[in-house]
Amino acid sequence: MITVLDGKERIDIDEILERQGSSTYCHSQEGIASLIVELRGDGSRSNEPLVWIEKMLRWPHEDRPNAIQLRDMILQSGETYCGICCRHESIFEDDLPHGVSLNQSTLSNDSSGLPGQVTGPAFAKVLVPHTDAPPSWREVKVTEASSSTKNWISPDIAIEFNLNLCDGVITESTWNGARLKSTKHITATWTIENASWTLHEDFLVATEVTPFEILVTKASFDTLRESITTE
C-alpha cells in the first residue's frame, strides 16, 4: 500500500525483493529492509507507516506490537491514516446527549443491548507472573461496562502477559456493536490507580482481537473505587 501511495507499482516491489534473492515476503527480510530504505528516502509523504511496518516485522515476534498497540500508534498519528469510523467518534456531535463529549459516548456493552457509560480511570494494573522472577504489575487500558456481568480480556493481552488460559464454556456477548465470543478464561489479580485493594477475578478471554484491553463490570470497578485513597 505504501509503495502505491509513493507512486510506484506492484512490480517495483518484486524487483527490489528479487535483488535480495526472493520476491516472497517471508523469505526476503533483507529485501523488505531495502524496500523500506528506498521508500523512506523518497520523502514525498509521511514516513509514519514505515515505522509501524518495521515494528510489525521485528524478530522475535514477542517484540512486535499487538493489534491494540498498533491501533493506538495509528490513532496518535492524526487523521491521515485513520478515518472517523475507526476513531469511534460520532460524525454528528450535536446528536450526543447534553454534557457528553465524543470521548464519552454511550456504548452497548453486552447481549442485552443496554447502554453502559464508560467511566473511571483509563488505566488499570494486572499482576503478571514470571517463571524466573517475582510477579510484577503491568499497566493496561481498562473500560468499565456498566451493563455487563462478566469481565473480558483481549487475547493479545492474555498472551502478552503470559496468563494461564483455562478451557471454559462457550460464552457469547455483544459490546459496542461487536460480537464477543470466548471459549477460555483466566484468573487475574488487578487494581486501579490509588486503590488500596486488589481483586482476584475471572476474565473471559475473547477469541478474536477486541477494541479494549480489559473490560470490567461496574460492580468490580465500584469495589476498587471505594478503596481509593487521595493521600
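No experiment lies behind these values; they were computed from the predicted model shown. Residues: numbered from 1 along the sequence shown.
Residues Arg138 and Glu213 are not paired through a salt bridge, judged by the lack of any N-O separation under 4.0 Å between the basic side chain and the carboxylate. We find that Lys8 and Glu15 are not joined by a salt bridge, their nearest charged nitrogen and carboxylate oxygen being 4.0 Å or further apart. Between Arg179 and Glu172, at least one side-chain nitrogen of the basic residue sits less than 4.0 Å from a carboxylate oxygen of the acidic one, meeting the salt-bridge criterion.
Side-chain contact between Leu163 and Pro129 is present, with at least one heavy-atom pair separated by less than 4.5 Å. In this structure the side chain of Phe161 never reaches within 4.5 angstrom of the side chain of Ile186, judged on heavy atoms. Inter-residue side-chain proximity for Ile32 and Leu17 is flagged as met; some heavy-atom pair is nearer than 4.5 Å. No side-chain heavy atom of Phe203 sits under 4.5 Å from any side-chain heavy atom of His185. Two residues are said to be in side-chain contact when any heavy atoms from C-beta on lie closer than 4.5 Å; Ile2 and Trp52 fail this criterion. When side chains are defined from C-beta on, Gln69 does not count as touching Lys55, because their heavy atoms never get closer than 4.5 Å. Put simply, the side chain of Arg19 does not reach to within 4.5 Å of the side chain of Ser34, judged on heavy atoms. Contact check for Thr210 versus Trp152: no side-chain heavy atoms found under the 4.5 Å cut-off.
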Would Thr187 and His200 count as a side-chain contact (heavy atoms from CB on, under 4.5 Å) if you check the C-alpha gap in whole Å, the side-chain angles of each, and the deciding distance to 0.1 Å? CA-CA 7 Å; Thr187 301; His200 192 63; 3.2 Å; yes

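Under the 3.5 Å distance criterion, the side-chain polar atoms of Glu54 are left unmatched by any main-chain donor or acceptor of Val51. In terms of modelled atom types and a separation under 3.5 Å, the side chain of Ser182 and the main chain of Val205 share a donor-acceptor contact. Between the side chain of Asp202 and the backbone N or O of Asn151 there is no donor-acceptor pair closer than 3.5 Å. Here the side chain of Asp222 pairs no donor or acceptor atom with the backbone of Ala219 at under 3.5 angstrom. Judged by distance alone, with hydrogens and angles left aside, the side-chain atoms of Arg58 form no donor-acceptor pair with the main-chain N or O of Arg64 at under 3.5 Å.
Annotation for Trp190 and Ala124: closest pair CE3-CB, 4.0 Å, computed over non-hydrogen atoms. Listed here is the closest heavy atom pair of Thr191 and Leu224: CA-CD1, 3.8 Å. Across every non-hydrogen atom of Thr189 and Trp137, the tightest pair is O-CZ3, 3.7 Å. Ala195 approaches Ser227 most closely through the heavy-atom pair CB-OG, 3.4 Å. Scanning both residues, Lys150 and Leu204, for their nearest heavy atoms gives CB-CD1, 3.9 Å. Arg71 and Pro211 make their closest contact through NH1-O, 2.8 Å (heavy atoms, listed as atom of the first residue, atom of the second, distance).
For the atom pair OG1 of Thr223 and NZ of Lys218, the computed distance is 9.5 Å after rounding to the nearest 0.5 Å. Atoms CG and CD1, on Leu35 and Ile16 in that order, are 4.5 Å from each other to the nearest 0.5 Å. Phe221 contributes atom CZ, which lies 8.5 Å from atom OG1 of Thr143 (distance to the nearest 0.5 angstrom). Ile36 contributes atom CD1, which lies 10.5 Å from atom CG of Asn47 (distance to the nearest 0.5 angstrom).
Val216 and Ile228 fall within the same hydrophobic cluster, defined by Ile, Leu, Val, Met, Phe, Trp and Tyr side-chain heavy atoms under 4.5 Å apart, directly or through other members. Placement of Ile159 and Val128 in two distinct hydrophobic clusters is found when ILVMFWY residues are connected by side-chain heavy-atom separations under 4.5 Å, directly or transitively. Residues Leu199 and Val126 are members of one and the same hydrophobic cluster, defined by side-chain heavy-atom contacts under 4.5 angstrom among Ile, Leu, Val, Met, Phe, Trp and Tyr. Val209 and Ile214 are assigned to two separate hydrophobic clusters, defined by single-linkage of ILVMFWY side chains at heavy-atom distances under 4.5 Å. No continuous path of hydrophobic side-chain contacts links Ile153 to Leu127 [ILVMFWY only; heavy atoms under 4.5 Å].
Heavy atoms from other residues, nucleotides or ligands lying under 6.0 Å from CD of Gln29 number 12 at most.
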